[in-house]
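All figures in this text were calculated on a predicted structure; none of them were measured in a lab. Below, all heavy atoms of this structure are taken into account, side chains as well, without hydrogens, waters or symmetry copies. Chain letters run A, B, ... following the sequence lines, proteins first, then strands; residues in each count from 1.
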There are 2 protein chains.
Amino acid sequence: MRRKTIEEYIETIALLEEREGRAQTGAIASNMGVKPPSATEMLQKLEQAGLIHYESYDGAVLTGPGRRLADELTEKHRTITDLLDILGVEHGQADLDACQIEHHVSAGTVERLADFVEFVGSDEAAGEFVRRFRSRYR
Amino acid sequence: MRRKTIEEYIETIALLEEREGRAQTGAIASNMGVKPPSATEMLQKLEQAGLIHYESYDGAVLTGPGRRLADELTEKHRTITDLLDILGVEHGQADLDACQIEHHVSAGTVERLADFVEFVGSDEAAGEFVRRFRSRYR
DNA sequence: TGATCCCTTTAGGTATACCTAAATCAGGTC
DNA sequence: GACCTGATTTAGGTATACCTAAAGGGATCA
């Protein structure tokens, strides 16, 4: 498999923290498809980088900057899945693609995508337009 | 900078081959922002992988499989820039984003994007719809 | 033909995300 | 309070894309 980025670790930690109050080494590792020692190593790096607070044998929680990064990523992710959804991509697939794309698209571009998603949701004719597209290319 | 993938090397080689008949080590390196020895190393790997035909001191050209991969990537790239264009992303930025996204989006999803691009281009009301979006979120 | 110059390759080293195996810790049980 | 057990960390090693420095090839020109 591909090497994981800092951002992917941060997302996983955010998910686990939300679900269980903190992110433990083993849970991070199994969620990301790596072995526990790899997770430990990254946790130490992320602590150094100031993105998490990490206690040995205890787990990690996001710091302020870590939380901000996680929120940005979540927002990007949601925008991208919403767009792919509009374009008729099956939801599970949209989610998988978003996991990748979110790390490689610029902030400005995501804003435009968000504008479009909002436009489609708010505009009467837009819904009709999207339905027509979907029915034509089913 | 980030590490380059095989796909990025293939794209650069395709570009240079089209422009100059073959892709030379130095040109590849400067196009990709790496040093010549790094390019040499990758060329040897790509030759092993059967994606290029490479002669020492002479340069590389794509093989059949290499050409097919390059064409797929070009097609993905074009689809993504077209879509971002429709969504109002500035063209240079769209191109940069496409360079990244194309390596991380699934084939099936790109097909849906292509459908949408085609729909917008072929449907009367669609063009109108897109114009309205663009003028509202200028 | 031999010298020169530019480009490419080889040699050897770095950084980083991953691994396995072994050591360490913490919490529950006797 | 000593012991077990399962999770975590440490130690040490691999793969890979990158680098710098040095060696080698090929074309041109005297």
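Side-chain atoms of B:Lys35 lie closest to D:dT20 of the nucleotides D:dG25, C:dC19, D:dT20. Counting only heavy atoms from C-beta on, A:Tyr9 has its side chain closest to C:dC18 among D:dT10, C:dC18, D:dT9. Considering only the side chain of B:Lys4, D:dC18 comes nearest among C:dT20, D:dC18, D:dT10. Comparing C:dC19, C:dT9, D:dT8 by their nearest atom to the side chain of A:Thr40 picks out D:dT8. Of the candidates D:dA17, C:dC18, C:dT9, C:dC18 carries the atom nearest the A:Val34 side chain, counting heavy atoms from C-beta on.
Counting to the nearest Å, the P atom of C:dT9 and the CD atom of B:Glu47 are 12 Å from each other. In this entry the distance linking CG of B:Leu43 with P of C:dT10 reads 11 Å, nearest Å. When the P atom of C:dT16 is taken as reference, atom CZ of A:Arg2 falls 18 Å away, rounded to whole Å. One atom, OH of B:Tyr57, and another, C1' of C:dC6, lie 12 Å apart when rounded to the nearest Å. In this structure, B:Lys45 atom NZ and C:dT9 atom P are separated by 14 Å, rounded to whole Å. Separating the CD atom of B:Glu41 from the C1' atom of C:dA11 is a distance of 11 Å, rounded to the nearest angstrom. Atom-to-atom, CD1 of B:Ile6 to P of D:dT16 comes out at 10 Å; the value is rounded to the nearest Å.
In this model, no donor atom of one side chain and acceptor atom of the other lie less than 3.5 Å apart for B:Thr81 and B:Asp95. No donor-acceptor contact under 3.5 angstrom links the side chains of A:His104 and B:Glu102, judged on distance only. No hydrogens or angles considered: a donor-acceptor pair under 3.5 Å links the side chains of A:His103 and A:Glu11. In this model, no donor atom of one side chain and acceptor atom of the other lie less than 3.5 Å apart for A:Asn31 and A:Thr12.
Within the nucleic acid shown, A:Glu8 has no heavy atom closer than 4.0 Å to any nucleic acid atom. Using a 4.0 Å heavy-atom criterion, one finds that B:Ser38 contacts the bases of the nucleic acid, with or without backbone contacts as well. Residue contacts for B:Gln24: at a heavy-atom cut-off of 4.0 Å it reaches the sugar-phosphate backbone alone, with no base atom in range.
Contact of A:Arg3 with D:dT16 (side chain to base): no donor-acceptor pair of N or O atoms is detected under 3.5 Å.
Phosphate proximity of D:dT9 to A:Gln44: absent, as no side-chain N or O sits under 4.0 Å from OP1 or OP2. For D:dT9, the OP1/OP2 oxygens have a side-chain nitrogen or oxygen of A:Thr25 closer than 4.0 Å. At the phosphate of C:dT9, OP1 or OP2 sits under 4.0 Å from a side-chain N or O atom of B:Tyr54.
At a threshold of 4.5 Å between non-hydrogen side-chain atoms, the residues B:Val61 and B:Ile52 do not count as touching.
Ranked by how close their nearest DNA chain C nucleotide is to the 5' end, A:Pro36 and B:Ala27 are led by B:Ala27.
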